[in-house]
Amino acid sequence: VPLMSENGAMRYLSQFGYLPPSNPSSSQIITKETMSKAITDFQSFAGLNVTGFLDNETITLMSAPRCGVKDKVGASSDGRSKR
Amino acid sequence: YALQGSRWRVKKLTYKISKYPTLLEKKVVDKDISRAFAVWSEYTDLTFTQKRSGQVHIEIRFERGEHGDGDPFDGPGGTLAHAYFPVYGGDAHFDESEHWTVNSYRGTNLFQVAAHEFGHSLGLSHSDIKSALMAPFYRGYDPDFVLDSDDIQGIQALYGTRTSKIGGTDTNVHHRTTASPTGEEDQELCSDPKVDTMFNSADGNTYVFKGDHYWKLTSDGVASGYPRPITTTWRGLPGNIDAAFTYKNGKTYFFKGSKYWRYVGGRMDGDYPKDISEGFTGIPDNIDAATVWTGNGKIYFYKGTKFWRFDPSQKPPVKSTYPKLISNWEGLPNNVDAALTYHGFTYFFKDKAYYRFNDRTFSVDIADPAFPRATAYWWFGC
């Protein structure tokens with residue numbers, strides 16, 4: 001099973017539109033509920049068992065090669081802008 | 001399938017491979033990229049022509065790490081490639097750090113990844129159907145690849161079904177090469193092309209508002225059956241609208257005087273009108289135009305000689321450094337009538353003419369023919 005920390009998962013979920021983009025300049029706090037909802041959304045989208053936590057199946061898929069475009073295009077503010 | 005919300009207005013598209021991968025022969029790459037485009041042209045009237053130089057619709061590059069778009073690649077594995085939707089230009093970037101292969105179970109199959117990325121270039125988002133090409137995860141080399149019915153439905157929702165081997169139209173309101181538009185000219189717009197506002201709807205259509213009427217634009221002019229009264233589609237909305245835009249939430253905002261209205265499609269989205277000062281604190285009344293930069297969600301309002309940037313995610317949404325002078329942006333006029341974001345550019349309309357603004361150079365584009373150009377000819381098919 002590939003290793004992925006909770007921070008790594010958070011970055012992943014943020015990168016692909018399930019969580020708001022991380023902003024190092026602000027002390028953005030992701031609650032357990034927000035994280036669980038994001039994991040649930042990801043699992044649902046990817047056709048995994050929806051558990052709401054980082055189980056092995058979810059972590060494995062997060063480590064798989066994939067397209068860099070967000071799954072949820074409208075979910076964050078940076079989108080795919082050339083600006 | 002999922003549609004991002006933008007699509008190409010032309011069916012004959014061109015592409016260029018500006019930067020090839022180092023470990024594959026150019027002709028091999030050319031062939032696989034061509035095959036990848038053919039995945040989509042097989043089911044639509046889209047055609048894709050490779051060019052070696054000059055302007056193209058879709059630029060393809062193989063790059064490592066940070067490569068100028070703020071979205072760096074991460075080395076082998078992880079993200080393999082990314083592409084821009086039509087509204088952002090359609091370009092496709094591939095991570096040069098991957099081991100790109102052709103017809104091999106080893107490495108990462110170029111054809112399959114390219115076909116997926118070109119789906120984005122054409123307006124498709126990721127699908128939650130596992131078997132779809134537009135699912136986000138790489139599934140390994142499939143020697144018997146066929147496009148999933150989910151992908152076919154998606155691309156045909158954008159571009160229609162294939163009607164012939166030579167399909168589509170090569171006229172485009174911004175790249176028109178023929179002087180004679182098909183169909184009848186619109187008398188009202190052709191005799192006086194000054195408009196109140198122009199905007200894109202959530203479903204990708206472009207509309208023109210003037211007085212109490214509106215028109216839908218097509219790739220070569222105005223759609224037949226227009227103009228129509230604004231109230232037939234947007235019930236409760238007055239005429240002589242000042243400005244409009246569709247936000248990334250799919251809702252369309254209309255502005256007039258000190259008021260604004262919000263619609264989802266043709267349905268008013270709650271109790272409107274409301275005061276601009278209430279919903280858009282920091283923005284003045286009686287604005288000239290508004291555009292939304294879809295990438296970062298910031299909204300630009302224009303009035304007279306000034307513009308304001310409104311960021312809904314910030315408090316206050318308008319920074320104290322605004323308003324700024326439109327003249328800071330080289331070549332743009334003051335007192336614009338309308339503004340529209342289209343295919344990654346912002347277009348400004350004033351009286352009978354329009355300007356294409358390049359946000360990378362922060363100036364009006366230098367082009368032949370030069371801007372400003374005639375709105376009637378290039379947009380309304382006159």
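Just so it is clear: chains get the letters A, B, ... in the order the sequence lines come, proteins before strands, and each one is counted from 1. In this text, all values refer to a predicted model and were calculated from it rather than measured experimentally.
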Distance-minimising heavy-atom pair for B:Phe85 and A:Val69: CZ-CG1, 3.9 Å
Contacting region of B:Glu117 [heavy-atom separation from chain A under 4.5 Å]: side chain
CD (B:Glu66) with more than 12 external heavy atoms under 6.0 Å: yes
Within residues 132-142 of chain B, residues adjacent to chain A where the heavy-atom gap is under 4.5 Å: B:Pro136, B:Phe137, B:Tyr138
Shortest non-hydrogen contact from A:Cys67 toward B:His120: SG-NE2, 3.4 Å
Nearest heavy atoms of B:Thr79 and A:Gly68, plus distance in Å: CG2-CA, 3.7 Å
More than 12 heavy atoms of other groups within 6.0 Å of B:Glu330 CD: no
Region of B:Thr108 in contact with chain A, defined by heavy-atom distances below 4.5 Å: neither
Check against side chain to side chain contact (heavy atoms under 4.5 Å, CB included), B:His126 and A:Arg66: CA-CA 11 Å; B:His126 284 149; A:Arg66 59 162 292 157; 3.5 Å; yes
